[in-house]
Colleague: 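The structure's right below; bear with me while I get my questions together.
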2 protein chains.
Amino acid sequence: MMMSLDTVFAALSDPTRRAILAMLLEDDMAVTDVAHPFTMSLAAISKHLHVLTAAGLISQEKRGRVKWCKLEPDALREASIWMQSFGQFEAVNLDAFERFLATELPEAAIDAPSD
Amino acid sequence: MMMSLDTVFAALSDPTRRAILAMLLEDDMAVTDVAHPFTMSLAAISKHLHVLTAAGLISQEKRGRVKWCKLEPDALREASIWMQSFGQFEAVNLDAFERFLATELPEAAIDAPSD
DNA sequence: CTAAACGTCAACCATTTGGTTGAATATCAC
DNA sequence: GTGATATTCAACCAAATGGTTGACGTTTAG
C-alpha cells in the first residue's frame with residue numbers, strides 16, 4: 001500500500017476502477033462478483049483490483065477460495081484533503097487574500113480585544 | 001477542456017503537475033517561470049501545462065510573447081465533490097445505511113404515503 | 001534589421017498501462 | 001480423488017505517457 005497521491009490519483013483516473021469503488025461502496029464483494037457487470041476478462045479486473053489495492057483504496061482478504069474486496073476510504077480521504085485545500089485557497093485569490101488579512105483579522109482578534 | 005474525471009485525476013496523478021498547480025495557487029505565471037524550478041526541459045513543462053489545460057485545471061492566455069497560466073479551480077471542485085461523496089458514504093456502512101433508509105425515510109415519503 | 005526571448009512542434013525513445021489468452025494454483029463439493 | 005469454482009500468473013500486444021533534442025514561428029529589444 002503506497003498510499004501516495006501519485007498512486008491514488010492514478011488509480012482514480014480509470015472509469016472501470018471508479019465503478020468498482022462505487023460497487024464496493026454498497027458492500028464487500030468477491031472478485032468474480034466485482035467482474036460480473038463488466039465485459040472485460042476476469043484477469044483484467046484482477047489487475048484493476050491490484051492497482052486499487054496498491055493505492056490503498058481497497059483491501060483484499062482471502063477466505064477459503066474466495067477473495068473479498070473491501071473499500072478502504074482512508075487513502076481517498078487523504079487525496080480529498082489535498083484537493084479541498086486547493087478548493088479553499090481558490091476562493092481567496094492572492095490580492096484578495098492580502099486584503100483579507102488586513103481587514104478581516106479583527107474577527108480572529110476576539111480574545112485579543114482592541115486597545 | 002474535457003473536464004472529465006478521467007482527465008482530471010490523470011492530470012493530478014503526476015507530482016510535477018501537482019507542484020505546478022501549487023505554484024499557480026500563489027499567482028498566475030508565464031510558462032518560462034513555471035519551468036524555472038524544475039530540472040526538466042521547457043518542452044516537457046509545456047507538455048505538462050497542455051495536460052493541465054486539457055483537464056480544465058488551468059487556462060492559458062497569450063499576451064505579447066508570453067503565455068500566462070492561471071489556475072481554474074472548477075475542474076478540481078468537480079473531482080473533489082466526487083471524492084467527498086465517497087467520504088460521506090464511507091461513514092455510513094451498509095447495515096447502518098439500511099437502518100437509515102428504514103428510519104429516516106418518512107422525510108422522503110411525504111408525497112409517497114405508506115400503504 | 002538583427003538578435004534574443006518565449007514557447008511550441010515533430011521526431012524519437014523507454015517505460016507504463018490496459019487489455020488479451022492460456023496455463024497454473026488453491027479450494028470446495030461430491 | 002475428480003471435477004468444478006475462484007483467482008492469479010505469464011507472455012504478449014497496442015496505445016499512452018513522460019521525457020529528450022533540434023528546428024521552427026512570434027514578439028520584443030537594441
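In what follows, chains carry the letters A, B, and so on, assigned in the order in which the sequence lines appear, proteins first and then strands, with residues in each chain numbered from 1. Only heavy atoms go into these numbers, but all of them, side chains included; no hydrogens, no water, no symmetry mates.
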Colleague: Could you check whether any side-chain N or O of Arg18(A) sits under 3.5 Å from a backbone N or O of Leu12(A), counting only pairs where one atom can act as donor and the other as acceptor?
Modeller: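 Yes, the answer is positive, given that a donor and an acceptor are paired below the 3.5 Å cut-off.
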Colleague: Do the side chain of Ser46(A) and the main chain of Leu42(A) share a donor and acceptor less than 3.5 angstrom apart?
Modeller: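 Pair absent, no side-chain N/O of Ser46(A) close to backbone of Leu42(A).
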Colleague: Whole Å only: how far is the CD1 atom of Ile45(B) from the C1' atom of dT21(D)?
Modeller: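 My rounded result for the distance is 16 Å.
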Colleague: I want to check one thing: is the phosphate of dT20(C), taken as OP1 and OP2, less than 4.0 Å away from some side-chain N or O of Ser41(A)?
Modeller: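 For dT20(C), OP1 or OP2 has a side-chain N or O of Ser41(A) closer than 4.0 Å.
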Colleague: Please tell me which of Arg65(A) and Ala43(A) maps to the more 5' nucleotide of DNA chain D, matching each residue to the nucleotide holding its nearest heavy atom.
Modeller: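 Its nearest nucleotide lies further toward 5', so the answer is Arg65(A).
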Colleague: Counting only N and O atoms by type, is there a donor-acceptor contact under 3.5 Å from the side chain of Arg17(A) to the main-chain atoms of His48(A)?
Modeller: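 No: the side chain of Arg17(A) does not pair with the backbone of His48(A).
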Colleague: Can you tell me how far C1' of dT28(D) sits from NZ of Lys67(B), to the nearest Å?
Modeller: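 So the two atoms are 18 Å apart, to the nearest Å.
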Colleague: Starting at atom CD of Glu61(B), determine the distance to atom P of dC6(C), rounded to an integer number of angstrom.
Modeller: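 For the pair Glu61(B) CD and dC6(C) P, the rounded distance is 18 Å.
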Colleague: With a non-hydrogen cut-off below 4.0 angstrom, is His50(B) in contact with a base, only sugar-phosphate, or nothing?
Modeller: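 Touches nothing.
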Colleague: Among dT7(D), dT20(D), dG18(C), which nucleotide has an atom closest to any side-chain atom of Val66(A)?
Modeller: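 Looking only at side-chain atoms, Val66(A) lies closest to dT7(D).
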Colleague: Let me know which of Val34(B), Ile20(B), Leu49(B), Asp28(B) forms a side chain to side chain contact (heavy atoms under 4.5 Å, CB included) with Ile58(B).
Modeller: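 Among the candidates, only Leu49(B) passes.
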Colleague: Remember a base hit wins even if backbone is also touched, and classify Arg17(A) as base, sugar-phosphate or nothing at under 4.0 Å, heavy atoms.
Modeller: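 Arg17(A): backbone/sugar contact only, no base atoms under 4.0 Å.
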Colleague: Tell me the interatomic distance from His48(A), atom NE2, to dT8(D), atom P, rounded to whole angstroms.
Modeller: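 Value for this atom pair: 13 Å.
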Colleague: Side-chain donor or acceptor of Lys47(B) under 3.5 Å from a matching atom on the base of dG19(D)?
Modeller: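 Answer is yes: a donor-acceptor pair is held.
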Colleague: Could you tell me how far apart Asp6(B) (CG) and dG18(C) (C1') are, to the nearest whole angstrom?
Modeller: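 Rounding to the nearest Å, CG of Asp6(B) and C1' of dG18(C) are 13 Å apart.
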Colleague: Indicate whether OP1 or OP2 belonging to dT8(D) is found under 4.0 Å from a side-chain N or O atom of Ser46(A).
Modeller: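 Ser46(A) to dT8(D) OP1/OP2: side-chain N or O found under 4.0 Å.
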Colleague: Using atom NZ of Lys62(A) as one end and atom P of dT27(C) as the other, report the distance to the nearest whole Å.
Modeller: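 Nearest whole value for this atom pair: 5 Å.
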Colleague: Any heavy-atom pair between the side chains of Met23(B) and Pro37(B) that's under 4.5 Å?
Modeller: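 Yes; the side chains approach each other to less than 4.5 Å.
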Colleague: Rounded to whole Å, please give me the gap between CZ in Phe9(A) and P in dT17(C).
Modeller: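 After rounding, the reported distance stands at 17 Å.
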Colleague: Measure CG/Leu42(A) against C1'/dT8(D) and give the value in whole Å, please.
Modeller: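 Between C1' of dT8(D) and CG of Leu42(A): 9 Å.
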